[in-house]
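Down below is the structure, laid out as structure tokens.
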Number of protein chains: 2
Amino acid sequence: MASIKDVAAQAGVSVATVSRVLNSHPSVSPDARTRVRAAVDALGYRPNAVARSLRTDQTRTLGLVISDVLNPYFTELARFVEEEARALGYSVIIGNADERPELQDHHVRTLLDRRIDGLLVSPADGDSALMADVARDGTPMVFVDRWMPGVDVPVVRADGRDAIRDLVAHLHALGHRRLAIIAGPAATTTGNERVEAFREALRAHRLTLPDVHIGQGDFQADSGRRVTERFLALPEPPEVVFAADNLMALGALDAIRAAGLRVPQDIGLAAFDDIPWFVHTDPPITAIAQPTGELGRAAVRALVDIVEGRSPRSVTLPARLVVRRSCGEPAPDRRSNR
Amino acid sequence: MASIKDVAAQAGVSVATVSRVLNSHPSVSPDARTRVRAAVDALGYRPNAVARSLRTDQTRTLGLVISDVLNPYFTELARFVEEEARALGYSVIIGNADERPELQDHHVRTLLDRRIDGLLVSPADGDSALMADVARDGTPMVFVDRWMPGVDVPVVRADGRDAIRDLVAHLHALGHRRLAIIAGPAATTTGNERVEAFREALRAHRLTLPDVHIGQGDFQADSGRRVTERFLALPEPPEVVFAADNLMALGALDAIRAAGLRVPQDIGLAAFDDIPWFVHTDPPITAIAQPTGELGRAAVRALVDIVEGRSPRSVTLPARLVVRRSCGEPAPDRRSNR
DNA sequence: CTGAAAGCGCTTACAG
DNA sequence: CTGAAAGCGCTTACAG
């Protein structure tokens, strides 16, 4: 591959001059500029980003460590993150933690080794000493979706409490009393928030959340399946199951179908996270939608603010209930219930 | 951040010695080795991957340019690619082309600027002069899923022809005669292969595929919606629509529902690509499944073979038909039809 | 076994 | 406006 030396030779100038035109430095003569441009084109020269990064100590790259790429919510988040980053002149490298803390730490380390300019993390289960270290060492960092208490960096997330309260009110109004939850890992903030909000909302209706109605999941489909099997085996199974994310809802559907039961006649189902398929499942699923695009964009902006020396803002956006048919809702009078 | 100099100073050796223990070079005295190790731990030293790459001219990083991250098929592919790459000691950087050739080329260029060791591409619509250049310039490269004729690099893909023949036979046996397809971009190999295989299979049953029954899509949901609307507006709408990927099938479902029609009573639907949600849609969708995991792994292995100087193999794996309920199939006698 | 030195491809003060 | 030179953090022949 052609290097800056080749361009300099071809254009008859020094590498310094080539570098200047490449970086649009003002003090270059028009003549030199055109000769360099011509040489660049002729050679198909592209600056070596590795060398540039070593020299300038910046990579114009953001790292994104995501809990689980196979989760459509995170995929969508990643997509918006990349889009906003690109608009601001940054690339993003994604690391998939697969909900495993060790894999998460592996990616954080790899990303740091590559000297990314900033780190966007949605922390997996458990607390990571690494994460606290990174934050303390001054690497620009922000949490998206989930965060870690005690690590002092900006947080961009959705608050699901109001929507969960709306959901419980909705279920209560439909006459349901025995409600259960497939919870995410207690060590994740979203996992914890969703159970607590659910419990509080039940209390407001003088309902309780007995331990047998709290199934411990890990935000992945298999756990939703296992927990639901246990719920169904109860002497008095719950009337409605609330899955704390869309993948566990998928697992719940698998288990319900395998048991030969039907939603919502035999058991109701609601989910946190809304995805396009929920409109077309049998039945369409009542869910809580997050403003994923806004979340991704706001997170990037906060991170770039830190990287570029401005002061970042934490952002909390509301989630909202989307009522469909999976909890025994009456048939809609309109055709579409998207 | 601590550099190799700091470690050398702390351990009382030269940077050369530090570098040797870091790279497990044999000729280092046990004493020096332990002192360096201690210094590394004490300082929390991590080698700067940027500097190392500049010096060694390798990044141990693979680039993956994917057609569309929001497509679950590609998300899954990406996940397996990363997994296999990690097992072989490589990182992967993903670029999302969003089915847009310019965005694809942007990512290819960025990846090349970062001096990735090899490139895995599933080319978007249109032909890219860039891609041919890259291949000619000797950058290790392999195509996954889709490929570009005329660009001489290994291809790892699924062959859908047999499965499509099976699908058409299945539809024919169910009594359907007016079959239509929502095609992918004609300039993509998969887009083209799927229409052609469909057309041939119809011919084998003495059926034709008139132009009005070929809707031009782009592998994304919106196009599936638009094409389906047009099919439904036909004086004689097709009895079954075959969507050439899962996202266009989603769009088709949207359009059918918006028209107040039902699958399969009013119109049948089948899809290329199988995803977990197809078991739970209303009705469960008859689809063609690709061996995504095998594809991703084989692609990485082929690429790493090139990178490390071995000779790579192109791989073609079969896809297979998964019959469910969306084409008017009789109700199953077993509970699960996954 | 060990260290001094060169060099990877850039950028940027410095001097002119 | 321009170039020579230093230096970013590593690795690796070379000499001892």
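The basis for the numbers below is simple: all heavy atoms, side chains too, and nothing from hydrogens, waters or symmetry mates. Each chain gets a letter, A, B and so on, in the order the sequences are listed, and its residues count up from 1. Computed from a prediction, not measured in an experiment: that's the story for all the values here.
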**Any B:Tyr45 side-chain N or O less than 4.0 Å from OP1/OP2 of D:dC10** = yes
**Message:** If you define the side chain from C-beta out and look only at heavy atoms, does anything of A:Arg115 sit under 4.5 Å from A:Ser53?
**Reply:** no
**Asked** Do the side chains of A:Phe143 and A:Arg157 get nearer than 4.5 Å, heavy atoms only?
**Response** no
**Request:** Would you mind classifying the nucleic acid contact of B:Asn48 as base, sugar-phosphate or nothing, using non-hydrogen atoms under 4.0 angstrom?
**Result:** sugar-phosphate
**Check: A:Thr110 side chain, A:His106 main-chain N or O, donor-acceptor pair, under 3.5 Å** = yes
**Message:** If you take any heavy atom closer than 4.0 Å to DNA chain D, which residues from residues 17-31 of chain B end up in contact?
**Reply:** B:Ser19, B:Arg20, B:Asn23
**Message:** Taking the P atom in each of C:dA13 and C:dG9, what is the distance between them to the nearest angstrom?
**Reply:** 23 Å
**Prompt:** Do A:His25 and A:Val21 come within less than 4.5 Å of each other through their side chains, counting heavy atoms only?
**Reply:** no
**Message:** Could you check whether any side-chain heavy atom of B:Thr188 comes within less than 4.5 Å of a side-chain heavy atom of B:Phe219, counting everything from C-beta outward?
**Reply:** yes
**Prompt:** Please give, in whole Å, the distance from D:dT12 C1' to B:Ile4 CD1?
**Reply:** 12 Å
**Request:** For side chain to side chain donor-acceptor pair (under 3.5 Å), just list the numbers for A:Arg114 and B:Thr61, CA-CA rounded to whole Å, side-chain angles, deciding distance to a tenth of an Å, and then say yes or no.
**Result:** CA-CA 11 Å; A:Arg114 289 166 175 279; B:Thr61 301; 2.5 Å; yes
**Item:** Candidate nucleotides D:dC10, C:dG9, C:dT12, ranked by approach to the side chain of A:Ala16 - the nearest
**Value:** C:dT12
**Prompt:** Using Watson-Crick and G-U wobble pairs with both distances under 3.5 Å, what is the 5'-to-3' dot-bracket string of DNA chain C, with [ ] for crossing pairs and | for pairs outside the strand?
**Reply:** |||.||||||||.|||
**Message:** Whole angstroms only, please: what is the CZ-C1' distance between A:Arg55 and D:dA5?
**Reply:** 11 Å
**Complete:** note: A:Asp6, atom CG; C:dC8, atom P; distance rounded to Å ~ 11 Å
**Request:** Measure the distance from CZ on A:Arg46 to P on C:dG9 and round it to the nearest whole Å.
**Result:** 17 Å
**Request:** Rounded off to whole Å, could you give me the CZ-to-P distance for the B:Arg114 and C:dC10 pair?
**Result:** 15 Å
**Request:** Rounded to the nearest angstrom, tell me the gap between atom CG in B:Asp57 and atom C1' in D:dG9.
**Result:** 16 Å
**Complete:** Applying side-chain hydrogen bond (donor to acceptor under 3.5 Å, both in side chains) to A:Asp6 and not counting sequence neighbours gives none
**Message:** Output the rounded distance in Å from CD (A:Gln58) to C1' (C:dG9).
**Reply:** 16 Å
**Message:** More than 12 heavy atoms of other residues, nucleotides or ligands under 6.0 Å from CZ of A:Arg46: yes or no?
**Reply:** yes
**Message:** Which nucleotide wins on minimum distance to the side chain of B:Leu54, given the candidates C:dC8, C:dG3, D:dG3?
**Reply:** C:dC8
**Fill in**
Walking DNA chain D from its 5' end, the first of A:Arg33 and B:Ala51 to be reached, judged by nearest nucleotide, is A:Arg33
**Prompt:** Is B:Asp218 reaching over with its side chain to a backbone N or O of B:Gln220, donor-acceptor style, under 3.5 angstrom?
**Reply:** yes
